[in-house]
Engineer: 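Here you go, one structure.
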Amino acid sequence: MPSTFNAIVPMACLVAAAIAAMTAEVFRDPGERVPIAPLGVIGLAGAGLASALLWGHNATSFGVVTADNFGLFVTGVLLVIGLASLALSPSTIEHERLPRGEYYTLMLFGLSGMVLMATASDLLVIFLALEVMSIAVYVLTGLRRDSAAATEAAFKYFLLGAFASAFFLYGIAFAYGLTGSTRLDRIGNLIAAQALSPTPLHLLAVGLLLVGLAFKVSAVPFHMWAPDAYEAAPTAVTGFMSTGVKAAAFAAFVRIFLSALEPLHGQWSPIVWAIAAATMILGTVVGVAQVSVKRMLAYSSIAHGGYLLVALVSANDYGKGAVLFYLLAYAVANVGAFGVIAVLEQADRQADRVQAYAGLWSRRPALALLMTMFLLSLGGFPPLAGFIAKWYVLSAAIASGNNWLAIIGVLTSVVSVFFYLRIVVMMYMTPGADRPAAVGPAVPRLAGAALVVSAIAVLYLGTLPARVLDLAAASISTIF
Amino acid sequence: MTFPILTSLVALPIVGALVLLLIGDEERNAPLIRQTALIVAVLVFAQTLLLWARFNPETADYQFVERYAWIPAFGISYAVGVDGISLFLLVLTGFLTPLALLSSWESVHSKVRAFSLALLLLESAMMGVFISLDLFLFYVFWDAMLIPMYFLIGIWGYERRVYAAVKFILYTMAGSVLMLLAILGLAALHFTATGAYSFDLARLSELTVPAHLQFWFFLAFALAFAIKVPLFPFHTWLPDAHVEAPTAGSVILAGVLLKMGTYGLVRFAFPLFPTAATFFAPHLALLAVISIVYGALVAMVQPDMKKLVAYSSISHLGFVVLGIAAMNLQGVQGAVFQMVSHGVSTGGLFLLVGMLSDRRHTRLIAEFGGLKRVTPRLVAVFLIITLSSIGVPGLNGFVGEFLILLGAFSWDPRLTAVAATGVILSATYMLWMFQRVNYGAVTNQKNAGLADLGTREWAVIVPIVALVVLMGVLPTIFLRPMEASVERLVSRVRSSVPVEIRAN
């Protein structure tokens with residue numbers, strides 16, 4: 001195989017798995033259970049192997065896809081998210097009576113879009129990847145066809161998302177108009193030459209691209225869709241999209257803004273600064289008022305987007321490395337937290353209310369412990385992954401002189417601890433309703449394993465982060 | 001390679017906690033779980049004693065130092081060591097944890113495993129705080145410590161335990177996150193100066209921090225520590241946490257956790273930012289004196305014994321901060337001595353209140369009276385510890401407060417004069433409480449049949465009484481090892497050039 005295809009192999013593995021899943025679903029006899037999820041796992045394993053082999057080679061395909069270490073690191077994060085989501089999906093599928101074939105196919109296509117987005121180095125390909133990812137996620141959000149809320153959320157997500165995509169596309173058009181290219185490296189070179197005297201067109205291009213990406217990372221004020229979509233989507237899907245979409249979108253965000261548009265840093269950084277501050281504040285403050293756990297985690301996820309934006313604004317090497325490490329730390333904890341919800345939902349329909357967690361410690365001590373670890377990691381407590389991630393972001397902010405952003409960041413993280421602890425209070429310190437027998441069915445073995453592995457990852461990244469930090473730091477030198 | 005004694009102080013409780021997880025059937029094996037936890041805690045205490053025995057009092061340097069790279073890219077290392085200032089706080093932690101476990105032998109019935117686990121993990125984190133020589137490591141332990149304490153208060157506490165637990169964790173975090181930023185700022189400064197990140201205390205102490213930055217960094221550190229101490233007006237979490245916490249939680253909270261605030265001032269805030277510290281010392285001392293008087297006055301009117309002891313802690317720790325602010329040999333030595341001494345006597349008071357509360361399920365002073373006739377032995381012990389808390393010569397409380405006042409007087413006589421009223425006030429509220437609980441006739445019939453100290457309770461309280469007397473009679477064995485370290489600290493802070501600082 002000519003080496004020009006190398007960079008797209010990880011994505012191709014996922015696409016192949018998705019097509020295989022689709023075919024298997026189409027040709028199965030009614031009532032026959034085809035092992036579709038294992039197909040996905042094979043695809044993911046292939047993608048993982050390909051990524052590992054590509055590491056350090058800086059392969060490019062057709063000049064528009066670059067499997068540099070940055071892209072491969074994000075690909076790795078995405079594969080972790082994908083594996084965990086596949087393992088956690090069966091309970092949700094069973095419980096919500098979702099069509100299995102469509103579910104896995106969409107998830108794999110979405111994942112391939114995300115991987116492409118992480119490795120694309122051309123604005124049009126990024127757009128393509130964005131759409132592949134988004135359309136799959138829109139459908140997954142509305143997959144519960146009998147639920148009015150899910151349909152409404154999916155429709156809202158789709159309409160707003162289509163708008164944002166249009167903004168993004170318009171931004172690409174302006175960027176092309178200014179530079180005559182959609183390739184990030186060429187845009188970067190030309191913008192660097194023009195940056196001394198930026199015209200309104202530059203600002204317009206930057207602003208439009210920013211709107212498109214800010215929507216995908218659910219930054220304030222483009223976050224309106226997120227709580228509804230997160231709440232209404234099947235829980236395993238929420239875990240998948242709250243981490244995967246964010247990781248892919250941030251990879252593109254970093255690539256576009258910290259390489260191609262880096263020369264205009266002076267122009268865009270005040271805007272992103274304000275967006276980051278607003279995102280952290282709104283995400284945490286509104287999160288405090290939620291009674292639905294999924295909605296609360298939706299706001300928490302918005303707030304985490306804000307911390308990632310802080311790393312982006314810092315625009316130094318620490319910031320880039322921090323984005324990578326933060327994405328990983330956030331992904332394992334958040335997928336884990338949604339995984340616990342998914343597992344519990346199976347046992348009792350009301351798992352979405354905070355009150356449903358009352359006395360969980362007595363009923364399901366292991367699940368309560370896992371949930372506590374994930375929540376404390378999201379809250380940034382040592383010695384868990386979230387602490388190291390927050391610390392990395394904060395050191396990037398301090399090193400770049402964004403002291404106020406760092407102060408807003410730490411203060412909002414204290415507020416966020418309040419709502420994470422609400423669930424912990426419910427689980428440990430509130431006696432459950434009088435239904436001692438409501439222990440529910442056992443946790444599926446695969447889901448349990450995924451949760452335990454996530455928890456170990458959270459602990460590992462929190463106590464012995466040196467290796468992954470080095471890896472993240474080594475991944476940022478090659479962005480383009 | 002020598003035996004890593006400091007690491008084992010942190011690691012042994014964690015190992016013990018893991019062992020507890022292996023014991024099956026919590027309900028049936030509760031005694032086994034309790035015994036295992038106690039054995040581990042006693043072993044840790046034995047190690048701290050060994051540390052004391054092998055400690056070299058002649059040098060001001062850190063001893064038993066261990067240093068391993070942890071996150072090399074950021075110059076973060078696992079660096080631990082002990083000097084004369086931290087030595088006795090380690091011994092105190094090792095001393096109080098087994099007593100806390102023992103005190104909950106009968107009062108904690110549910111979830112014994114988790115309870116013992118939380119206490120052991122807490123002990124590990126507390127040890128970590130006192131031995132860290134790397135600011136990052138220190139912060140990790142400092143924050144990690146909150147979680148087990150949060151569970152201790154929230155699960156095994158009294159009625160309003162959830163409110164108290166959440167308040168405790170949010171207050172402490174709000175203070176400490178700004179300290180985290182200051183630590184990062186300091187590391188960034190080190191980067192600008194030398195081209196490499198470092199969180200190492202020794203390296204950071206060598207930095208010349210510009211005066212206006214010292215101002216902000218010191219404020220961030222001081223806020224974190226002032227909340228922890230707690231100094232007026234940051235004290236409101238303390239009465240809630242103390243009143244709602246189970247006895248073991250209160251003992252550890254008052255005995256060790258509060259000391260982390262004052263320890264932080266001595267170890268980090270003052271030596272790292274000497275110029276700002278000299279500038280802010282009078283303000284800090286003023287807050288300390290307000291805490292002394294305010295805490296004492298509020299303690300006087302408390303109907304609840306536990307709340308009274310909690311407010312008395314605010315008052316006593318005001319003395320400690322005053323001694324630190326004075327920054328001379330007597331003041332700081334007295335402060336460190338008083339930290340340990342307060343841990344012992346207030347720990348003792350909380351244990352006694354816990355024993356009464358176990359018997360009567362109330363802590364209201366008005367519910368008691370005339371206990372001297374019913375439980376003479378308990379009252380005798382109560383008297384000794386009350387006197388120690390007041391600061392009667394011959395017992396531990398006197399030495400610390402006397403040294404602090406001596407040091408503070410040569411620094412600022414006016415503040416010291418006001419602070420000295422705290423000594424009189426403490427006699428008032430303590431003796432008045434003691435009198436109402438123990439003297440007079442037995443007015444409440446429920447008190448008539450109370451049991452006196454049992455064997456387990458003797459085992460809890462005798463070590464406390466012994467230490468109270470030992471520290472009062474032979475203070476030198478405690479003061480001598482800390483002298484060299486304190487001297488060096490004082491000369492370091494004093495030698496800084498006092499300049500006028502403006503906020504900008």
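Heavy atoms only: backbone and side chains are in, while hydrogens, waters and symmetry mates are out. Quick note on labels: first sequence line is chain A, next is B, and so on, each numbered from 1. It should be emphasised that the depicted structure is a prediction, and the values quoted were computed from it without experimental measurement.
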Engineer: Would you please indicate if the ring centroids of B:Tyr197 and A:Tyr318 are separated by under 6.0 Å?
Structural biologist: yes
Engineer: Can you find a pair of side-chain heavy atoms, one from B:Leu181 and one from A:Asn403, that are under 4.5 Å apart?
Structural biologist: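 No, every pair of side-chain atoms sits at 4.5 Å or beyond.
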Engineer: Let's test your reading of the structure: which of A:Leu464, A:Leu394, A:Ile388, A:Leu384 forms the most heavy-atom pairs below 4.5 Å with chain B?
Structural biologist: A:Leu394
Engineer: Is the closest side-chain heavy-atom distance between B:Ile71 and A:Tyr392 below 4.5 Å?
Structural biologist: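 The answer is no, as the side chains (C-beta and beyond) never meet within the 4.5 Å cut-off.
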Engineer: Go through the steps to decide whether A:Tyr428 and B:Tyr150 satisfy the test ring-ring contact (aromatic ring centres under 6.0 Å, His included), and finish with yes or no.
Structural biologist: CA-CA 11 Å; A:Tyr428 286 86; B:Tyr150 164 75; 8.7 Å; no
Engineer: Indicate the ring-plane relationship of A:Trp391 and B:Phe74, choosing parallel, tilted or perpendicular according to the 30° and 60° boundaries.
Structural biologist: perpendicular
Engineer: Mind checking the OG-CZ spacing from A:Ser395 to B:Phe136? Nearest 0.5 Å is all I need.
Structural biologist: 8.5 Å
Engineer: Give, as side chain, backbone, both or neither, the part of A:Ala473 having an atom under 4.5 angstrom from any heavy atom of chain B.
Structural biologist: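 No part of A:Ala473 comes within 4.5 Å of chain B.
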Engineer: Looking at A:Phe418, I want to see if its CZ is surrounded by more than 12 non-hydrogen atoms of other residues, nucleotides or ligands under 6.0 Å.
Structural biologist: no
Engineer: Which atom names give the shortest non-hydrogen contact between A:Met429 and B:Arg161, and what distance separates them?
Structural biologist: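 Minimum heavy-atom separation between A:Met429 and B:Arg161: O-NH2, 3.6 Å.
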Engineer: Please find the pair of heavy atoms, one from B:Ala73 and one from A:Asp470, that lie closest to each other, and give the distance.
Structural biologist: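 Taking every non-hydrogen atom into account, CB-OD1, 3.6 Å.
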Engineer: As a test of understanding, state which of B:Asp143, B:Ile147, B:Leu146 forms a side-chain contact (heavy atoms from CB on, under 4.5 Å) with A:Pro382.
Structural biologist: B:Asp143
Engineer: So which part of B:Ile183 gets closer than 4.5 Å to some heavy atom of chain A, the side chain, the backbone, both or neither?
Structural biologist: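 Interface part for B:Ile183: neither.
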Engineer: So what's closer than 4.5 Å to chain A heavy atoms on B:Leu180: side chain, backbone, both or neither?
Structural biologist: side chain
Engineer: Heavy atoms only, distances under 4.5 angstrom: which of A:Leu469, A:Val424, A:Leu411, A:Thr430 has the most pairs with chain B? Name it, please.
Structural biologist: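 With the most close heavy-atom pairs to chain B, the winner is A:Val424.
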Engineer: Side chain, backbone, both or neither: which part of B:Leu189 has a heavy atom under 4.5 Å from chain A?
Structural biologist: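 Neither part.
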Engineer: If we define contacts as heavy-atom pairs under 4.5 Å, which of B:Gly154, B:Ala174, B:Ala69 has the most with chain A?
Structural biologist: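 Highest number of heavy-atom pairs under 4.5 Å: B:Gly154.
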Engineer: Do side-chain atoms of B:Trp70 reach the backbone of A:Pro465 as a donor and acceptor pair under 3.5 angstrom?
Structural biologist: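 Answer holds: no.
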